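Before any comments, here is the structure.
Heads up: numbering here begins at 1 and tracks the sequence. No hydrogens, no waters, no symmetry mates; every other heavy atom, side chains included, goes into these values. For clarity, every value in this text was computed on a predicted model and none was experimentally measured.
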Amino acid sequence: MPEFATLEYENLNSVVYAALCDALMQGRFQPGDRLKIRDLAEQFGTSVTPIRDAILRLANDEAITFRSPRDIRVSGLSESRYREIRAIRVRLEGLAAETAAQVATSADIHALEQILRENEAAIAAGDRLRGTQLNQAFHFMLPQIAGLSVLTTILRRLWLQMGPHISDAYLAGGRAMIDHHYPVVEALKRHDSAAASMAIVDDILLGGKPILDRIEHGGEGKSRRA
């Protein structure tokens with residue numbers, strides 16, 4: 001179970017929901033992981049009420065499967081659903097990369113390169129969690145650079161479902177999970193919108209192949225655990 005900082009905020013419902021969203025997108029959970037409301041409440045230092053409310057919101061987001069109060073799990077993805085999400089990501093993240101290439105500054109490029117350096121270190125160390133977090137940070141920097149806040153909100157909904165699966169396949173995927181990020185950065189340096197879009201599409205389609213392979217073969221991490 002991931003560790004969470006004890007909360008002292010007034011609007012606990014929103015804070016808990018946001019923290020669990022981040023944990024899902026960053027791969028701190030994997031498909032099939034069981035969530036226990038009382039354990040989470042203890043982690044956050046809250047009552048069970050904001051945890052339960054956040055879990056219900058995540059179930060509505062289709063990131064959590066609420067079978068019963070005692071059986072709450074991180075949702076798996078069928079092959080058809082994965083392909084649908086992938087097709088949407090190709091269009092939306094392609095737009096983010098295309099737009100980012102038009103406006104990227106040297107500071108933006110430096111930030112992306114720093115993420116890549118840290119991601120290289122995480123892969124070398126076999127640090128699945130850190131690698132997954134940095135992967136998500138790279139992808140979300142593109143709409144941030146582009147100034148597309150509405151697009152970021154839409155992508156967050158998709159990544160709630162994708163994050164656990166990226167995490168599950170990250171170490172098995174190896175360099176495929178990062179190699180296609182380099183052409184994205186090079187395209188941004190040249191302000192080449194078409195190349196940036198093509199590079200992020202390659203990352204989603206080719207870099208994401210290990211994810212699809214695991215889903216096709218029913219190998220999603222802990223999704224079959226009782």
Side-chain angles (χ1 to χ4, degrees), residues 21-22 24-27 61-63 75 77-120 122-123 131-170 173-216:
C21 284
D22 285 343
L24 286 161
M25 289 189 296
Q26 294 170 4
D61 292 332
E62 299 180 281
S75 298
L77 285 179
S78 65
E79 180 183 345
S80 62
R81 189 172 185 83
Y82 172 80
R83 289 182 181 275
E84 180 180 354
I85 292 174
R86 186 180 68 175
I88 297 169
R89 287 184 61 207
V90 162
R91 297 296 182 91
L92 297 185
E93 295 191 38
L95 172 62
E98 175 185 335
T99 308
Q102 299 168 15
V103 299
T105 65
S106 57
D108 295 328
I109 299 298
H110 176 76
L112 287 170
E113 289 178 329
Q114 179 62 30
I115 291 173
L116 282 174
R117 283 192 292 271
E118 293 180 18
N119 212 335
E120 288 282 4
I123 289 175
T132 307
Q133 291 172 339
L134 290 163
N135 178 72
Q136 189 256 351
F138 183 93
H139 280 264
F140 273 65
M141 262 211 74
L142 297 176
Q144 179 182 328
I145 292 169
L148 300 174
S149 58
V150 174
L151 179 54
T152 299
T153 300
I154 296 170
L155 288 174
R156 285 179 66 87
R157 175 73 180 265
L158 298 177
W159 274 71
L160 285 177
Q161 299 174 62
M162 283 302 308
H165 288 270
I166 293 172
S167 175
D168 183 51
Y170 203 82
R175 294 219 54 86
M177 309 302 283
I178 190 174
D179 277 347
H180 297 284
H181 289 183
Y182 287 94
V184 176
V185 175
E186 292 304 313
L188 263 63
K189 288 180 179 178
R190 301 191 306 270
H191 299 291
D192 188 336
S193 294
S197 179
M198 289 177 62
I200 202 67
V201 168
D202 283 345
D203 179 56
I204 294 169
L205 296 180
L206 302 178
K209 190 175 183 301
I211 305 168
L212 180 58
D213 287 345
R214 290 180 75 78
I215 291 173
E216 285 178 332

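- For the pair I200 and H139, the minimum side-chain heavy-atom distance is below 4.5 Å.
- S167 places no side-chain N or O within donor-acceptor distance of the main-chain N or O of G163, the cut-off being under 3.5 Å.
- Remark: E79 engages R83 in a salt bridge, criterion side-chain N to carboxylate O under 4.0 Å.
- By the 4.0 Å N-to-carboxylate-O rule, E113 lies close enough to K189 to be salt-bridged with it.
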The test is side-chain contact (heavy atoms from CB on, under 4.5 Å); show your working for I178 and L116 and say whether it passes. CA-CA 8 Å; I178 190 174; L116 282 174; 3.8 Å; yes
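- Atom CG in L155 sits 5.0 Å away from atom CD in E93 (nearest 0.5 Å).
- Counting only heavy atoms from C-beta outward, the side chains of I88 and E84 approach each other to under 4.5 Å.
- The number of heavy-atom neighbours closer than 6.0 Å to CZ of R190, taken from other residues, nucleotides and ligands shown, is above 12.
- At a threshold of 4.5 Å between non-hydrogen side-chain atoms, the residues E186 and D192 do not count as touching.
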Next item on the list: Step by step, work out the side-chain contact (heavy atoms from CB on, under 4.5 Å) result for S193 and T99.
Entry: CA-CA 7 Å; S193 294; T99 308; over 6 Å; no
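- Here OG1 of T132 is found 8.5 Å from CG of N119. Values are rounded to the nearest 0.5 Å.
- A146 and V103 make their closest contact through CA-CG2, 4.2 Å (heavy atoms, listed as atom of the first residue, atom of the second, distance).
- I123 has its side chain within reach of Y170: a pair of non-hydrogen atoms, C-beta onward, lies under 4.5 Å apart.
- Looking at D22 and R156, a side-chain N of the basic residue comes within less than 4.0 Å of a carboxylate O on the acidic one, giving a salt bridge.
- Looking at every heavy atom in both residues, M177 comes nearest to P210 through SD-CG, 4.3 Å.
- Taken to the nearest 0.5 Å, the CD1 atom of I145 stands 12.5 Å off from the CD atom of Q102.
- Rounding to the nearest 0.5 Å places CD of Q161 at 4.0 Å from CD1 of I85.
- By the 4.5 Å heavy-atom criterion applied to side chains, Q133 and M25 are not counted as neighbours.
- Ring geometry for H181 versus F138: interplanar angle under 30°, hence parallel rather than tilted (30 to 60°).
- Contact detail for A122 and L134: the closest heavy-atom pair is CB-CD1, 4.4 Å.
- No side-chain donor-acceptor contact under 3.5 Å links R89 to the backbone of I204.
- L148 contributes atom CG, which lies 10.0 Å from atom CG of L142 (distance to the nearest 0.5 angstrom).
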>> Checking W159 against I166 for the side-chain contact (heavy atoms from CB on, under 4.5 Å) test, could you report, in this order, the C-alpha distance in whole Å, the side-chain angles of both residues, the deciding distance, and whether it holds?
In response: CA-CA 9 Å; W159 274 71; I166 293 172; 3.5 Å; yes
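- A side-chain donor-acceptor contact under 3.5 Å links D108 and T105.
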side-chain contact (heavy atoms from CB on, under 4.5 Å) evaluation trace for H165 with I215:
CA-CA 8 Å; H165 288 270; I215 291 173; 3.9 Å; yes
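- For the pair A176 and D203, the tightest heavy-atom approach, listed with the atom from each and the gap, is O-OD1, 4.5 Å.
- Inter-residue side-chain proximity for L95 and S197 is flagged as unmet; no heavy-atom pair is nearer than 4.5 Å.
- Summarising the geometry of A96 relative to L151, their closest heavy-atom pair is CB-CD2, 3.8 Å, with the distance given to 0.1 Å.
- Heavy-atom minimum distance, A101 versus A187: CB-O, 4.5 Å.
- Taking CE of M198 as the reference point, atom CG of L205 lies at 11.0 Å (rounded to 0.5 Å).
- With contacts defined as side-chain heavy-atom distances shorter than 4.5 Å, the pair C21/L160 qualifies.
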